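For reference, the structure discussed in these notes is given below.
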Amino acid sequence: MLNPEENIELKNFTTFKIGGPARYFFRVRNLDEAREAFGFARLKRLPHFVLGGGSNLLASDEGFHGVIIKNELFGVSFTEAGDEEVEAVAGAGENWDAFVAESVRRGFYGLENLSGIPGTVGAAPIQNIGAYGAEVKDAIVSVEAIDSRTGALKAFTNADCRFAYRDSFFKTPEGKPFIVTAVRFRLKKSGVLNTEYKDLKNHFASAPKKNRALTLKTVRQAVLEIRRGKFPDLETCGTAGSFFKNPIISRQQFDDLKKQFPDLPGFPLDADSRGFQADSRGKNTPRVKVSLAWILDNVCELKGYQKGSMALFERQPIVAVNTGGASAEDAKRLAQEVAARVKEKTGIEVEWEVERL
Ligand SMILES: Cc1cc2nc3c(=O)[nH]c(=O)nc-3n(C[C@H](O)[C@H](O)[C@H](O)COP(=O)(O)OP(=O)(O)OC[C@H]3O[C@@H](n4cnc5c(N)ncnc54)[C@H](O)[C@@H]3O)c2cc1C
């Protein structure tokens with residue numbers, strides 16, 4: 001019989017270092033324990049929330065009057081899948097970056113650009129984590145998850161997951177009842193390294209000649225080094241990484257903004273990343289992802305902006321930082337102010353990337 005811990009401070013389980021007490025808190029290490037925790041929540045008629053590494057979360061100051069299910073489902077395996085590929089299966093509670101490091105150490109291609117992202121394997125498909133020109137969807141074969149309503153285990157194919165930019169089926173109302181228990185990846189034994197992303201390209205171009213060799217290991221090292229400059233140190237302050245998503249706007253709006261801000265970076269989206277949107281006449285219109293960090297810096301002049309104990313990181317303004325002792329209300333106030341400024345200057349409505357609890 002699994003017993004919950006009680007009144008656990010969520011600020012100790014989120015990288016923002018923010019959040020009041022959770023009424024009940026279970027650490028689940030296998031599928032039966034997960035089912036037991038769901039059963040407990042049902043019995044108490046309380047909501048549940050699945051917690052990974054707490055690195056994409058703003059938990060409220062009041063805490064959570066419900067049942068936290070902390071995912072500690074571990075285990076990683078690598079199996080040959082023909083001459084060219086390997087199938088890797090990782091338990092949802094595994095640390096994401098440790099899994100990436102192990103894949104790189106074994107010489108398998110596919111995850112290296114996603115090095116250094118905090119959190120768990122199980123959360124990776126939820127928002128289809130991405131960085132440096134890569135998205136996890138491109139390596140995922142399937143996702144296993146338990147339906148919290150029935151306890152049944154279900155496998156979702158890559159297509160079932162409906163991946164898009166920082167989005168998936170698991171963020172929809174139908175997907176929310178599922179807790180990811182394991183993720184199955186297809187990695188390559190040899191491959192083409194993707195260093196087209198501007199920061200990576202510049203990194204290798206400016207490295208001393210002897211350090212320019214492109215290998216799995218050097219790409220991982222480069223990503224880790226670039227990230228060290230872009231994100232604050234989690235040991236010394238609180239953050240959940242990018243607070244907002246990069247906005248996706250219509251081509252028309254992008255062209256209009258370009259007239260005002262000729263240097264605004266924009267990335268046209270493919271149709272499979274929901275890059276097309278039906279307009280009022282049902283016609284599909286192309287869409288463009290724009291850099292919010294650029295807008296915050298160059299249009300809103302908010303880089304390094306500080307409000308009480310909350311600030312926008314001086315080296316990457318899309319990253320909100322708790323400089324010490326900030327509350328969830330402080331974070332929300334900063335976010336509202338930033339969103340209002342972006343709206344006023346560009347007409348763009350920004351969306352939170354960070355999940356709220
Ligand atoms: C410094 C820093 C840098 C970051 N850089 C990036 C980046 O480059 N790219 C990027 O995409 N993200 C980035 N992030 C955000 C974050 O690391 C990712 O979103 C990560 O996948 C969150 O994992 P987690 O385990 O901490 O999830 P949590 O924060 O614990 O949870 C996030 C959401 O996922 C849900 N969830 C978690 N686990 C499961 C599960 N097993 N089943 C069902 N739902 C689940 C939770 O309920 C919650 O809604 C960064 C964060 C930080 C702090």
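Predicted, not measured: the structure shown is a model, and the values here were computed from it. Start at 1 and go down the list; that is how both ligands and their atoms are numbered.
For ligand 1, the polar-atom distance check finds no N/O of I126 at less than 3.5 Å from any of the ligand's N/O atoms. Of the polar atoms of G54, at least one N or O is found under 3.5 Å from an N or O of ligand 1, judged by distance alone. An N or O contact shorter than 3.5 Å is missing between G241 and ligand 1 by distance. Annotation: G130 places an N or O atom under 3.5 Å from an N or O atom of ligand 1; distance criterion only. For S55, a nitrogen or oxygen atom sits less than 3.5 Å from a nitrogen or oxygen atom of ligand 1, counting backbone and side chain alike. The shortest N/O to N/O separation between I129 and ligand 1 does not fall below 3.5 Å. Inclusion of Q127 in the set of residues having an N or O under 3.5 Å from an N or O of ligand 1 is warranted.
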F169 and F163: CA distance, side-chain angles, deciding distance, ring-ring contact (aromatic ring centres under 6.0 Å, His included) verdict = CA-CA 7 Å; F169 164 77; F163 290 121; over 10 Å; no

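Remark: R184 engages E87 in a salt bridge, criterion side-chain N to carboxylate O under 4.0 Å. Checked for salt-bridge contact, E84 and K189 miss the test: no charged N lies under 4.0 Å from a carboxylate O. A salt bridge between R220 and E112 is absent, with no side-chain N of the basic residue lying under 4.0 Å from a carboxylate O of the acidic one. Of the charged side-chain nitrogens involved, at least one lies within less than 4.0 Å of a carboxylate oxygen, so that K230 and D199 count as a salt-bridged pair. Between E344 and R341 there is no salt bridge, since no side-chain N of the basic residue sits under 4.0 Å from a carboxylate O of the acidic one. With respect to E5 and R27, a salt bridge is recorded, a charged nitrogen being found less than 4.0 Å from a carboxylate O.
The only option from K303, R315, K345 that meets the salt bridge (charged side-chain N to carboxylate O under 4.0 Å, His left out) definition with D297 turns out to be K303. A salt bridge (charged side-chain N to carboxylate O under 4.0 Å, His left out) with E351 is found for exactly one of R166, K171, K343, K245, namely K245. Under the side-chain contact (heavy atoms from CB on, under 4.5 Å) rule, Y109 has a single partner from L216, L187, V104, which is L216.
Closest protein heavy atom to atom 48 (C) of ligand 1: F49 CZ, 3.6 Å. The protein atom (non-hydrogen) at minimum distance from atom 42 (N) of ligand 1 is V180 N, 2.8 Å. With respect to atom 47 (O) of ligand 1, the closest heavy atom belonging to the protein is V50 O, 2.6 Å. Considering only non-hydrogen protein atoms, atom 24 (P) of ligand 1 sits nearest to G53 N, 3.3 Å. Nearest protein neighbour of atom 49 (O) of ligand 1, counting heavy atoms only, is E355 CG, 3.5 Å. In terms of protein heavy-atom proximity, atom 1 (C) of ligand 1 is closest to F231 CD2, 3.8 Å. The nearest protein atom to atom 27 (O) of ligand 1, hydrogens excluded, is given as A123 CB, 3.4 Å; this is a heavy-atom distance. Closest to atom 6 (C) of ligand 1, if we only count protein heavy atoms, is R227 NH2, 3.6 Å.
Taking a 4.0 Å cut-off on heavy atoms, K171 fails to register as neighbouring ligand 1.
D256 and Q260 form no side-chain donor-acceptor contact under 3.5 Å, judged by distance and modelled atom types alone. In this model, a donor atom of one side chain and an acceptor atom of the other lie less than 3.5 Å apart for Y305 and E337.
Annotation: cation-pi geometry satisfied between K154 and F156 (NZ/CZ under 6.0 angstrom from ring centroid, within 45° of ring axis). Relative to the six-membered ring of F254, R287 misses at least one condition, a distance below 6.0 Å or an angle of at most 45° to the axis.
Only the side chain of T15 comes within contact range of ligand 1, with a heavy atom under 4.0 Å; no backbone atom does. When heavy-atom distances to ligand 1 are checked against a 4.0 Å cut-off, F178 comes that close only through its backbone atoms N, CA, C and O.
Residue I179 approaches ligand 1 through these ligand atoms, each under 4.0 Å from one of its heavy atoms: 42 (N), 43 (C). Set against the non-hydrogen atoms of N71, the atoms of ligand 1 under 4.0 Å away are 41 (N). When each atom of ligand 1 is checked for a heavy atom of L51 under 4.0 Å away, the hits are 30 (O). Those atoms of ligand 1 that come under 4.0 Å of a heavy atom in A240, given as number and element, are 51 (C), 52 (C), 53 (C). Near A131, the atoms of ligand 1 lying under 4.0 angstrom from a non-hydrogen atom of the residue are 8 (O). Of all the atoms in ligand 1, the ones that sit under 4.0 Å from a non-hydrogen atom of R166 are 11 (O). Atoms of ligand 1 lying under 4.0 Å from at least one heavy atom of G119, given by number and element, are 23 (O), 24 (P), 25 (O), 26 (O).
Between F313 and F231, the ring center distance fails the sub-6.0 Å criterion.
Looking at V354, N56, V136 and measuring to atom 29 (O) of ligand 1, the nearest heavy atom belongs to N56. The closest non-hydrogen atom to atom 2 (C) of ligand 1, taken over P118, A134, S115, comes from P118. Nearest to atom 13 (C) of ligand 1 by heavy-atom distance, out of I117, L234, T120, is I117.
Side-chain atoms of D97 do not come within 3.5 Å of backbone N or O of P118 as any donor-acceptor pair.
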